[in-house]
Every structure is written in C-alpha cells, then in structure tokens.
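What you are looking at is a predicted structure, and each value in this text was computed from that prediction instead of being measured. One-based numbering along the sequence shown.
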Amino acid sequence: MKAGIFAAAVAISALLPSMVVAQTTVIHAGRLIDVPGEAPRGPATIIVEDGRILSVTDGHSDVPADARVIDLRDHTVLPGLIDSHVHLTSDAGGLAGQLEAVTLSPAAQAFNAQANGIKTLRAGFTTVRNLGDGDGAVFALRDAVNAGKAMGPRIIDAGSSLSGTAGHSDDALGYRDELRPFFAGAANTCDGAEDCRRATRQQIGRGADVIKMTITGGVNSRIGAGLGSQMFDDEAAAIVATARMFGRKVAVHSHGADGTLQALKLGVDSIEHGTMLTDDVIALWAKSKTYYVPTLSTVNGYKERLAANSAAYEPDVLAKIQWRIGITGKTLQVLVPRGVRIAFGTDAGVSKHGRNADEFELMVENGMTPESALIAATINAADLLGLSEEIGTIAPGKSADIIAVAGDPLTDVSVYKDVQFVMARGKVIDLE
C-alpha cells in the first residue's frame, strides 16, 4: 500500500498548503536517476531543506538530528515529471465541452483547474505548461500555488491562445453570431500584423508566461476549414517578434505542414502536434532548435469519448478525429531518427487529467526509448520551459521536485502509471 511506505511523511503532507514543511527531510533511495540520460546511481541519500535539495550522496548516510526520514529503499527515485502541454480547466470534449464554455462561470472553471491540477500532481507531474484558457482561471491557480495558498503543480501559463478570426482558437466557432461578443473578452483573436501585436501584448499584460499561437486549423475546431495554415506570414511574425520583445517563448499549435514550415522559419520554441510533414519541413526541423511536443495522448481521449457516446462530436469534427487517430505517432517516428529535440506533452484536457503517464507508452511505441522519453519529460521539458536551473534533475540547489516508482522506468514505462511517492517543492503529496 502506497501510504505504508511513508506514512509519517504523508501525515504532514502538502495537501493543506498552510502546514509547515519540516526543516530537514532525508530521502533514502534504493536506486536514483538524478540526471536522466546518465547512468543511474545505486542506493543514495537526498537531503532537502526549505523546499530545496541540499545534497545528494551515494549510500544511506546518517540522518541529522530531528530530520524527517522517507524510506524509499525499495524504489527508483527520479526528478518530478513535466508535462509541456495541458489545459487544466476541463477535460470535457466535443459537444459537452462546448456546453461547458457557456455554462461554467470563471469561478467554477477555477475549481475545475485546481481539481485537475491535483490529479496531475498526484500522477507525478510536478510542473506543467498550460497552453490556453479564456477566463484567467489558471492564472489565478498559478499564483495561488506560487503563494502556497493552493495545492497543485508549478504552472507556466499562456493565457488565451492567439489566432486569427475563424482560426482554431476563435472560441466563438460553432455558436450563434450574437454570442461572439461574449467570447471576445479573451481578446485573443487578431487580424493583420498590427492587431496581432496588440493581442500578444494583451496576453502578456494579463500575465502570460509564454505565448501560444494556433497557426493552423485544429481537430476540434467547429469549422470545416481544414488543417492547413490559417495565419498570414506577417501576422505570425508579428506575434513572435512581440513575444520576443517581452522575453516570452512561443509555442505553436500546428497540424498542416505549411503552418509548421512557417513556424520553423520564425524560430519558435516548440511546435505542438506537428501532424503533417514534408521533406522541406523535416530538413529544416532537423537543423533547428525548435522542440517537438507530440501530444499523442489525444487519441486516448477521442477513443474513450466515442466508445461512451458515438455522437459525442459533430460530423465535421468527427472526420478530423478519425484522421488524427490514424496518423498519430507518424511524425515522431520520422523526427526521432533525425535528431529533432522532443519535449513531453500530452494535451491533457483533450485526454483525461491524471492520465498524463499514458504518453510514455505511446512515445515508446512510436520510436523513442524509455530513457529518451524520460529525458523528454525532465531535462528537455525543463529547457523548453526555461526552468533548467530549477527543475529537471535532482541536484543541490534545485527545487525538491522528486518522485518514486516501484519498478525500473528505463525498461518499463508503465511504472509511471502508478507513481508511489511525490514531493513538490519540498512538500510530500498525499496520493490517496
């Protein structure tokens, strides 16, 4: 039983953020993957103080007086995982998701976001990048987590995704015309370069840590406009240049190869989905530093909803979903051998929150090794988020984001589905 491993620690867990963390915590690891990609260490001792890693030593060293001890000698200990693409406010899809958009208040969405954040944290994902919500609920959750007022993962938030009118992130798609002003409050649609500068500045002004741009059509867009580019070159360039001016990274939703080529030429930081390829795209991507975030788990969400309700999606959307299910993983199979950098991301919200680890199996099925998949969810994702000095490895001075699993994740990635221990910023998380 999980709780039996560290019952004393869980008794003072971070489920109640106001509780004080013990000044010194000692973790005895049976096997330690402190730097994914390097050889694992054997038995090791990690000392944590005030939310940070104080030291990492081989063997099980003596325990300082009055320290809290966590016995993980039967487990593999590794850095907290990072999901580079989530949507915390919901995991309803299709027509149910469309209904939520006009029935749930921002306050209700905030409670949803916290509940989904807790599921994500308990699954071992101590940091996430939230790539789109309209009402600022995740901004509020991010700030509450940072202030110690709420439980959840560390959050890097994009605010609302930017697109042209009728583009994938135009949330008014599929609703009556008179409802368009309701959705305009997110201020995320823009037409023309100058307006796209305004929209980018507005998201940064709202508190966006990163800018998300939807350069092509989307699978879930309620419009029969395909999956190719839906943004002019000068519009996309204006968004990227404005983001750079304010020191923000840029994540780009792209399915069509034409949109991906646009994004690569602009030197964006990550491309999400990247479903369609051409020789030109492959060649340019292989030479670039742009990360690929595969989001393979979306197919799980689609399959589960359709199994429960064959009418869960409108016909135009259903056709795209069926295409997406058939093609998912093909891009990863091509890009991995070409050396393109991969960062872990699920698009949780399309798939179910708390099931983020499903992505590992899909990554391995489509050409990655267990080790490279772990690197994608730690070192690479930390680099993509600009947090390499804070997370991604277990090292002195870094945030104490630490998890443990019962098996060997370098041979069997299914062990991530049953994380046995989670520490986030030095606080032990109750997994029950």
Side-chain angles (χ1 to χ4, degrees), residues 83-87 91 93 97 128-132 158 161-163 167-170 210-223 225-231 236 239 249-266 268-278 281-282 284-285 288 290-303 313 317 319-336 338 340-351 356 358-359 362-363 365-368 373 376-377 380-381 384:
D83 192 332
S84 302
H85 191 137
V86 302
H87 302 277
D91 54 17
V128 300
R129 186 176 61 160
N130 191 75
L131 289 183
S161 304
L162 302 180
S163 80
H168 177 55
S169 291
D170 183 347
V210 59
I211 293 300
K212 163 82 174 295
M213 169 173 59
T214 55
I215 205 167
T216 73
V219 171
N220 292 292
S221 302
R222 293 178 295 276
I223 184 172
L227 294 165
S229 178
Q230 296 178 354
M231 188 170 282
I239 290 171
K249 294 193 173 191
V250 180
V252 176
H253 158 106
S254 182
H255 285 290
D258 51 354
T260 299
L261 191 62
Q262 282 179 286
L264 289 169
K265 288 178 178 178
L266 290 170
V268 302
D269 298 283
S270 67
I271 291 173
E272 321 295 308
H273 319 308
T275 317
M276 303 164 76
L277 297 173
T278 62
V281 168
I282 296 167
L284 182 56
W285 212 335
S288 79
T290 300
Y291 277 99
Y292 173 44
V293 181
T295 67
L296 309 179
S297 297
T298 54
V299 299
N300 292 344
Y302 295 141
K303 290 176 180 177
Y313 296 95
V317 174
K320 290 184 286 184
I321 285 172
Q322 291 168 334
W323 166 83
R324 177 75 159 109
I325 290 172
I327 200 171
T328 292
K330 305 296 185 184
T331 296
L332 191 63
Q333 294 171 23
V334 172
L335 295 184
V336 165
R338 298 300 297 266
V340 171
R341 300 196 297 177
I342 312 297
F344 186 103
T346 62
D347 210 356
V350 179
S351 55
N356 311 63
D358 290 354
E359 186 82 11
L362 294 168
M363 294 170 86
E365 287 173 12
N366 286 284
M368 298 187 74
N380 284 5
L384 172 58

Check: Taking the side chain as C-beta and beyond, is there a heavy-atom pair between Q262 and S229 under 4.5 Å?
Finding: yes
Next item on the list: Write down the atom of A263, the atom of V252, and the distance for their closest heavy-atom approach.
Entry: CB-CG1, 3.9 Å
Item checked: Residue pair A257 / T278: nearest heavy atoms and the distance that separates them -> CB-CG2, 3.6 Å
Check: What residues, two or more places apart in sequence or in another chain, satisfy ring pair (Phe, Tyr, Trp, His ring centres under 6.0 Å) together with H87?
Finding: H85
Notebook entry, point to check: Would you say the side chains of E359 and S297 form a donor-acceptor pair under 3.5 Å?
Noted result: yes
Item checked: Distance-only side-chain donor-acceptor flag, Q333 / T331, under 3.5 Å -> no
Margin query: Taking L162's backbone N and O only, do any of them form a donor-acceptor pair with K212's side chain (distance below 3.5 Å, no angle check)?
Written below: no
Margin query: Do V334 and I282 make a side-chain contact, defined as non-hydrogen atoms from C-beta onward lying under 4.5 Å apart?
Written below: yes
Item checked: Residues that E365 engages under side-chain hydrogen bond (donor to acceptor under 3.5 Å, both in side chains), provided they are two or more places apart -> none
Checklist line | Counterpart residues, salt bridge (Lys or Arg N to Asp or Glu O under 4.0 Å), relative to D358 (two or more places apart) | finding: R355, K417
Item checked: Side-chain H-bond candidate by donor/acceptor type, S163 with H168, under 3.5 Å -> no
Note to self: Taking salt bridge (Lys or Arg N to Asp or Glu O under 4.0 Å) as the definition, give me every residue that meets it alongside R222, ordered by chain and number, with sequence neighbours left out.
What the structure shows: none
Margin query: Determine whether I342 and L332 satisfy the following criterion, side chain to side chain contact (heavy atoms under 4.5 Å, CB included), listing intermediate values before the conclusion.
Written below: CA-CA 9 Å; I342 312 297; L332 191 63; 3.9 Å; yes
Check: Short question: side chain of S221, backbone of G217 - any donor-acceptor pair under 3.5 Å?
Finding: no
Item checked: W285 side-chain N/O to L264 backbone N/O, donor-acceptor pair under 3.5 Å -> no
Note to self: Is it the case that the side chains of H255 and T275 hold a donor-acceptor pair, with the cut-off being a distance below 3.5 Å and no angle test?
What the structure shows: yes
Check: If you measure only the distance, is there a donor-acceptor pair under 3.5 Å linking the side chains of S169 and T214?
Finding: yes
Check: Rounded to the nearest 0.5 Å, how far does CG of L296 lie from OG of S351?
Finding: 10.0 Å
Next item on the list: Go through the steps to decide whether Y302 and N220 satisfy the test side chain to side chain contact (heavy atoms under 4.5 Å, CB included), and finish with yes or no.
Entry: CA-CA 10 Å; Y302 295 141; N220 292 292; 3.0 Å; yes
Check: Among side-chain atoms of T260 and S254, is any donor-acceptor pair under 3.5 angstrom?
Finding: yes
Check: Side-chain contact, heavy-atom cut-off 4.5 Å: L131 with V210?
Finding: yes
Next item on the list: Establish, from distance only, whether the side-chain atoms of T298 and D347 form a donor-acceptor pair under 3.5 Å.
Entry: no
Next item on the list: May I ask you to test the V293-L384 pair for a side-chain heavy-atom distance under 4.5 Å?
Entry: yes
Next item on the list: For the pair T290 (side chain) and V268 (backbone), establish whether a donor and an acceptor sit closer than 3.5 Å, ignoring hydrogens and angles.
Entry: yes
Next item on the list: Please report the closest heavy-atom contact between G132 and S161, naming both atoms and the distance.
Entry: CA-OG, 3.8 Å
Note to self: Looking at every heavy atom in both M368 and A376, which two are closest together, and how far apart are they?
What the structure shows: CE-CB, 4.2 Å
Notebook entry, point to check: Are a donor atom and an acceptor atom from the side chains of N380 and Y292 found within less than 3.5 Å of each other?
Noted result: no
Check: Does D83 use its side chain to pair, donor to acceptor, with the backbone of R129 at less than 3.5 Å?
Finding: no
Note to self: Are K320 and L227 packed together at the side-chain level, in the sense that at least one heavy-atom pair is separated by less than 4.5 angstrom?
What the structure shows: yes
Check: What distance do H273 atom NE2 and T328 atom OG1 have between them, rounded to the nearest 0.5 Å?
Finding: 10.5 Å
Next item on the list: Kindly write out the residues that satisfy side-chain contact (heavy atoms from CB on, under 4.5 Å) with A236, not counting sequence neighbours, or none if the list is empty.
Entry: M213, I215, M231, L266
Next item on the list: Can you sort out the partners of Y291 under ring pair (Phe, Tyr, Trp, His ring centres under 6.0 Å), two or more places apart, ordered by chain and number?
Entry: none
Check: Do you know which two heavy atoms are closest between N356 and A348, and how far apart they sit?
Finding: ND2-CB, 3.9 Å
Note to self: Distance check, rounded to the nearest 0.5 Å: I211 atom CD1 versus I239 atom CD1?
What the structure shows: 8.5 Å
Next item on the list: List the steps, then state whether side chain to side chain contact (heavy atoms under 4.5 Å, CB included) holds for V350 with V219.
Entry: CA-CA 11 Å; V350 179; V219 171; over 6 Å; no
